[in-house]
Amino acid sequence: MRSVAYLFLTLSVAVASPITSLSISSILCHIPILEALCPRAPPPVSIVNPIGLRTAHGVTRYVVKNQLNPAALPPLCPQPNVDLSQVSEDCLDLVLYVPPTAKSTPGGLPTLMWIHGGSFFAGGASNPGLDGSNLAIATNSLGLLPPSSNSMNDNLALQDIMTALTFLHNVLPYFGGTPGTPRLTMSGQSSGASMIRALLGTPAAWPLFNNVWFHSDTIDYGFLTSGALTTLQNAWVEELGCTGSASNCARNMDLEALITHQDNLLSAAPNLGPEYYFASPIRPSPSRDFILYTFTNSSTFPPASDMKPVVLTNVKDEAMPSVYTIFPDSNGPISLDMFEGFLIENIGQNRSNQVLDAPFYQFNSSVDLRTVLQTLSTDEVWRCPAWTLARNLATRRSPGQYTGLFTVGITYPPNVNITECIQPGSVCHQDDIEVLFGTGPTQIPLTQELQARYSSYIRTSIPNALGYPEWQLATSTDVKTLNLGGQPPIPTGACTPTFWGDEILFDYQVNHE
Ligand SMILES: *[C@@H]1O[C@H](CO)[C@@H](O)[C@H](O)[C@H]1NC(C)=O
Ligand SMILES: *[C@@H]1O[C@H](CO)[C@@H](O)[C@H](O)[C@H]1NC(C)=O
Ligand SMILES: *[C@@H]1O[C@H](CO)[C@@H](O)[C@H](O)[C@H]1NC(C)=O
Ligand SMILES: *[C@@H]1O[C@H](CO)[C@@H](O)[C@H](O)[C@H]1NC(C)=O
């Protein structure tokens, strides 16, 4: 079923240079369609015969920029372990999935925007499982996948997303989106979710979307402080070894060399100080125009009237891929020394002592310490800071906050060789993606439930659907986490209001306050 609709999309698109540090706004202002970000008023967008590809279920997929070959998905941004023939520095792309009913639906369709993950330096809209056809049909909404870009420059990636959002506002009515200001929900996974959290704290972005859904946001890391960003930028210049202007020098360097330098920077980053976690040293950083609110303590929340409904979901075993990649099964269980060494390297001596004294992570000689490390890291980096954020949103009278935990998943392709991830009952980081998109090798009932909840959420800001258990709002004391895939209530464990984030600080509290 590869019928091509003869429609054509004449759109120039921003050059998002993911590695070099050239200023994107100076480029954008010369591209007519993107002038919305510039001081002058944007011209009206004109769309002439966009070419789409008919995918599954009669959905038409449009890739902004791929005018010549509608069957092609956009290239990835340059990143490690991907052949240079498959990447492009010109990688700010949108993939728009339009269900067949779009134009005939009175009042237009709401839009769901998905931002892929990849620790801020990898991933893309062409990654496995991100075909939005099934989801577009199930939710009867428009959907798209803009890749995040990575840059040493201050918030270029956020600017890219806002460019994409502004562009969308202009073109969505053409494709059957809600007229006027579109009804738009932003959703993303891992670093994609962190990007959306950054936009939630950016007043200039507030008019561009209505609701957000965070999948497995690494909230614990926090945003980079400006001092940490400067340190990282200096380390980058040094790593490049340029004499004279670093941005000129980087621009002239070939991509392979740049990616090697970036790999070097990423592996050296933890030595720069405690703010640079090995998982994600490159992160957005508050600046004059971006991330004015960080959601980390009582003084960093927007006024209630400016907050938006938020859904925060996590998977049961977020840290399993990291822990079992660092300590693979082929080497067997780890010793107490290795366990403590890992802990101290990650959270320092003091917090390690506190964690081991607490009742939550007890073990004995018959326990594989990797399971303890897994639970502890999932709590620290993902689960507990999500629940802390939900409680704080409730305290500050946000219009709605919901927490959920996937206790069932579909093994995401990069996890297939992690033996722990394929054990019955394991739900590893990213194993929620194909559940949501309905793109896994097998169908599971949770897909239907999740898509029904999404369909309702993007229309009503409430993730409840007929025939499924009620998802209750988190309160300031009880997060009421929904079990996604099972019945039993989710135990609070160490994510009580008085342990992580209070007695034991999150990384963002240690480093930012
Ligand atoms: C809250 O966080 C901000 C920025 O992260 C920091 O400057 C401020 O001191 C913190 N305030 C409190 C009361 O902890
Ligand atoms: C660790 O705890 C000790 C004793 O409470 C304190 O003096 C020290 O400053 C702490 N170190 C760090 C890095 O927080
Ligand atoms: C060791 O701990 C595990 C998990 O907490 C428990 O199931 C087991 O009974 C304990 N074994 C002994 C010998 O205490
Ligand atoms: C998993 O292992 C197989 C066999 O060794 C290999 O071909 C494949 O590339 C691996 N997949 C990943 C995602 O590592």
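Order of appearance sets the numbers: ligands from 1, and atoms from 1 within every ligand.
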Provide the number and element of each atom of ligand 4 under 4.0 Å from a heavy atom of Pro413. 13 (C)
Residue pairs fulfilling disulfide (SG to SG under 2.5 Å) with at least one residue in residues 409-451, sequence neighbours excluded: Cys421-Cys428
Do Gln362 and ligand 3 have an N or O pair less than 3.5 Å apart? no
Tell me whether Gln487 at atom CD has more than 12 heavy atoms from other residues, nucleotides or ligands lying less than 6.0 Å away. no
Atoms in ligand 3 flagged as close to Asn364, the criterion being non-hydrogen separation under 4.0 Å: 1 (C), 2 (O), 3 (C), 8 (C), 10 (C), 11 (N), 12 (C), 14 (O)
Sorted by chain and number, the residues that approach ligand 2 to under 4.0 Å with a heavy atom: Asn350
For Asp217 and Gln189, which I'm curious about, is there any donor-acceptor pair between the side chains at under 3.5 Å? no
Count the heavy atoms of every other residue, nucleotide or ligand shown that sit under 6.0 Å from CG of Asp357, and state whether that count exceeds 12. yes
With a sphere of 6.0 Å drawn around CD of Glu238, does it hold more than 12 non-hydrogen atoms of other residues, nucleotides or ligands? no
Could you list which atoms of ligand 3 come closer than 4.0 Å to a heavy atom of Ser366? 1 (C), 11 (N)
Considering only residues two or more places apart or on different chains, which pairs with a residue in residues 384-394 satisfy side chain to side chain donor-acceptor pair (under 3.5 Å)? Thr388-Arg391
Just jot down the side chain to side chain contact (heavy atoms under 4.5 Å, CB included) partners of Glu340, sequence neighbours excluded, or say none. Leu336, Leu356
Is it possible for you to check whether Arg453 lies under 6.0 Å from the centre of the six-membered ring of Tyr402, through NZ or CZ, and within 45° of that ring's axis? no
